Protein chains: 2
Amino acid sequence: MTSSGPGPPNGHRATLVEVAALAGVSRSLASLVIRGAPGPSAASREAVLRAAAELGYRPDPAAKLLREHRSRVLGVVFDPGDPFHADLLEAVYPAAERCGYEVVLGARVPTHPEHRAVEGLIRSRCEGLLLVGAEADAVQLRGLGVRLPVAVIGRRGDEAGVDSVRAADPRGAAAAVDLLVDLGHRRIRHVDGGRHPGAAERRRGYRAAMRRHGLDPDVVKGDHTEESGVRAAGRLLDGAEGITAVLAGNDRCAVGVVDTLRRAGVDVPGDISVIGYDDSRLARLTHIDLTTVAQDAEQTARLAVEAVVERLDGDVDLPPRDILLNPRLVIRGTTGPASALRRT
Amino acid sequence: MTSSGPGPPNGHRATLVEVAALAGVSRSLASLVIRGAPGPSAASREAVLRAAAELGYRPDPAAKLLREHRSRVLGVVFDPGDPFHADLLEAVYPAAERCGYEVVLGARVPTHPEHRAVEGLIRSRCEGLLLVGAEADAVQLRGLGVRLPVAVIGRRGDEAGVDSVRAADPRGAAAAVDLLVDLGHRRIRHVDGGRHPGAAERRRGYRAAMRRHGLDPDVVKGDHTEESGVRAAGRLLDGAEGITAVLAGNDRCAVGVVDTLRRAGVDVPGDISVIGYDDSRLARLTHIDLTTVAQDAEQTARLAVEAVVERLDGDVDLPPRDILLNPRLVIRGTTGPASALRRT
DNA sequence: AGGTAGTCTTGGAACGATCTAAGTCACGGG
DNA sequence: CCCGTGACTTAGATCGTTCCAAGACTACCT
C-alpha cells in the first residue's frame, strides 16, 4: 500500500546519502531533518523532504537499530484462533502505539511452540514481550525475564519475577454464583476446566461462594471444550434431578451444555439456567446469547503493555507486579429464575 | 526458553570482537566459525565456540542484516480469531522453515487495519509477504507487489500482478449440490455470503450445478455470520414449504441455520439437510457435526510460501500465478436422504 | 575592531556484523 | 636454497544510520 510511492520501484532502496546529495546538503543534516530533530533551517528542511519524497526514501530500520540500540518494538505471543486473544490483540495495538511502540506477533501453534515463538520475536529485535497465556514453567519464565521485560496475561507471573495481568477468577465465579442464588437457585453445579489455566481459581471461587450461601458445592470434571459441556449435560439429563443451574468452566463448555439440553427438549433458562465464562464472541452471538463472566480485554491489554513499557523506558528494577482485574458479569438470555417445579 | 544462557544476564550483549578476543583469534576468523563456514581449523573452531558459549554470544541480527541485505523473514497478515487462519498459520511455519525462512505476523483488526499491518511487517524487514484474505483492492495490491514478492491466499491476485492460492469455490459448491441431488433432494436453497470474498464464486458454482441437474436455483441473501443463518432458517420456518436442503455460504451461517431449525423442532437431517462451507473447527465439533466443504489448509499454506520463496530465491520475473486447489466434501451428520414426506 | 553568542551545518567515528583480498606459515619439489 | 602450493588467518573496507565535536557564518555588544 502506501501507493508504492515514487522512486526506484524495486531493487535499490534510496539511502540517506542519496537524499542528502539530491538536496545539496550533508548526510548529517539530512538525518536531522528526516527524524524531525530541531536545528535545521526551514529552507534545508524543505529541500531534504522534497528530495526524500522524490526518491521514495525510507530509513533502513536495520541501520537505525544498529546505531540506536532501540527498536521500539514489542513482541506478543498468542494463540491464533482463540477469540479472546483476538480481542486482546485488538487492544494491544492502540495501547502500544500510545506508548510509541510497534508490535510484532508470534503464534503459539503445535508446529511452532511457545519457545520458538519467543526466540523468533527476540530475533526480530523486540525489546519487550507480552505472553498471552504462557505455557512456560516458572523457571523458564524467570530465565526469559532476565533477558528482557516480560508481562504474562491471564496467569500469575510474579513468582517467576515477571509482571502479570489477569482477571480475578475467584471473584468472577463468585459473582456468577451470587446471581444464580439471587434468582432462587440452590442446586448449582460447576463443570470445571480441569487443569486448564484459571480453572482451579474459578473452581475455588465457586466453592467458596456456595459455602458462603450455605449451599453444597457440586463440581464435575470437565475441560474447556464443547465436548465436556455435552458430556456434562448428558449426565444432567440422565438423572441429576433437582439441579437448576450450571456454571460452566468457560463459554465453549457452556455452549455444549445449552445445545445438548435444548436439543433434548429442556428449556434454557426456563428449566435450567446456564452461565459461561470469558464472554467470548461465541457468547455474544444473538442466537446463543449466553450469560457469562467477562474479562475486560481492552484494560488487560493496556495494563500489560504499560507494565512492559514502564520497565523499558526507565524503571528497570521495579518488583514484579501481579495485577488483578475485576471480572464483570454479563447477564444475557440463559439465566432466569429457578423454576418452581424443580426447586428442591 | 534457552535457559537464559550464561554471560552478562542483562545490559551489555557480547559482540563478536569480545568472543574473538577471548578465543585469541581475529574477528574475521570468529565470524567464520560462528556461521559455520569452511576454512577454520578444528582447534580455532573449538576455541571460538567455547568462548562464544562462555560469553553467551548471540549474533546481532541488525548488524547481520545491514551487511547482508537478506533477512530471510516472511511476513504474514491474517485475522486473529479466524479458525481457518489459525490452521493456515500452523502450516505456514513448517513450510517456511523448510525453505529456510522465519515468519513474523501482523494482525488485521479494526484498530490495526491491513495497510498498517503491511507497513509494520515491511519495517521489520520481511522480504516477502503472505496476505491471508486481503482487503486491499487490485491497485493497492499491485503497488505492494512491486515493492516485494506477495502471495494472496483465498482470493484471486493475478490480475493485480501477485501470486494467489485459493480453493476452487465453484467446484466445492457444485460438489455439495451433487451430493444433495444424489440423496434425492430437488428443492435446494443457497444462503449466500453477500459480497464476502469467495461468495460470488460459491453462488456461481451452486447455480451452475443446479441447472446442470435441471433444477431451479434458489438463492437468498446472507452473509458469513450465524445471524444470517438464523434469519434464513426463520424464513424457512415461516413457510418455504418444499425445501429439503440448504447450502449455506459458510459454516457459521450453517450453524445458525441448524440451531434455529432444531430449536423449532425440525429434524436435521431427517427433515432438512444442511451443508456448510470451510470445514472450520466449528463444523468438526461432534455435537455440531456439520457436513461441509473443506479447503486443505496445509497445502494452501505450503504453496503460498513456496510461491513467494521462489521469487525471492531467484526467478523474479515469473508471470503471476493463480493456483486453484480442489475443495473436498466432508460428509458428516447434517445431510441425509430427502424425506419422502416433504419431497415435492 | 574584536569578542561572543547564537544558528545552522558538517566531517568523522561509531554500531556489529560480513566480505574481499592479502597475509603467514610449513612443506615438498626442482 | 628458492619457490610454489595449500591450509589457515587476518586487516581493512563496507552496509546505512546516528552521535559528537567542531566549523562557518551572521549579528550583536562593547
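Protein chains get the first letters and strands the later ones, always in sequence-line order, with residue 1 at the start of each. This one's a predicted model, so the numbers in the text were calculated from it and none came from an experiment.
For the OP1/OP2 pair of C:dT18 and a distance below 4.0 Å, the side-chain nitrogens and oxygens of B:S31 include at least one atom meeting the criterion. Between B:S41 and D:dA7 there is no side-chain N or O to OP1 or OP2 distance below 4.0 Å. Between B:K64 and C:dT18, a side-chain N or O to OP1/OP2 separation shorter than 4.0 Å is present.
A donor-acceptor pair is defined here as one N or O able to donate and one able to accept, closer than 3.5 Å; no such pair exists between the side chain of A:R108 and the backbone of A:L131.
A donor-acceptor contact closer than 3.5 angstrom links the side chains of A:S31 and A:R35.
The interatomic distance linking A:R45 (CZ) with C:dT7 (P) rounds to 15 Å, in whole Å. Distance, A:R27 CZ to D:dA21 C1': 14 Å, rounded to whole Å. Summarising the geometry, the separation between CD1 on B:I34 and P on C:dA17 is reported as 9 Å, rounded to the nearest angstrom. Computed from coordinates, the A:E68 CD to D:dG16 C1' distance equals 12 Å when rounded to whole Å. As a whole-Å value, the separation of B:R35 CZ from C:dG16 P is 17 Å. Rounded to whole angstrom, the span from the CG atom of B:D60 across to the P atom of C:dA17 amounts to 6 Å. Counting to the nearest Å, the C1' atom of D:dT14 and the CG atom of A:L66 are 12 Å from each other. Note: CG (B:L16) to C1' (D:dG12) measures 15 Å, nearest angstrom.
Proximity note for B:Y57 (side chain, C-beta onward) versus C:dA17, D:dG16, D:dT10: the nearest is C:dA17. Among C:dG16, C:dT9, D:dT10, the nucleotide with an atom closest to any side-chain atom of A:H69 is C:dG16.
The side chain to side chain contact (heavy atoms under 4.5 Å, CB included) test with A:V73 singles out one residue from A:V104, A:L65, A:V103, and that residue is A:V104.
Comparing B:S44 and B:R67 along DNA chain D, the residue whose closest nucleotide (by nearest heavy atom) sits nearer the 5' end is B:S44. Toward the 5′ end of DNA chain D lies the nearest nucleotide of B:L29, the other residue of the pair A:S28 and B:L29 mapping further downstream.
Within a 6.0 Å radius of CD in B:E159, more than 12 heavy atoms belonging to other residues, nucleotides or ligands are found.
The residue B:P61 sits apart from the nucleic acid: no heavy atom pair falls under 4.0 Å.
Annotation: side chain of A:V76 is in contact with side chain of A:V132 (closest heavy-atom distance under 4.5 Å).
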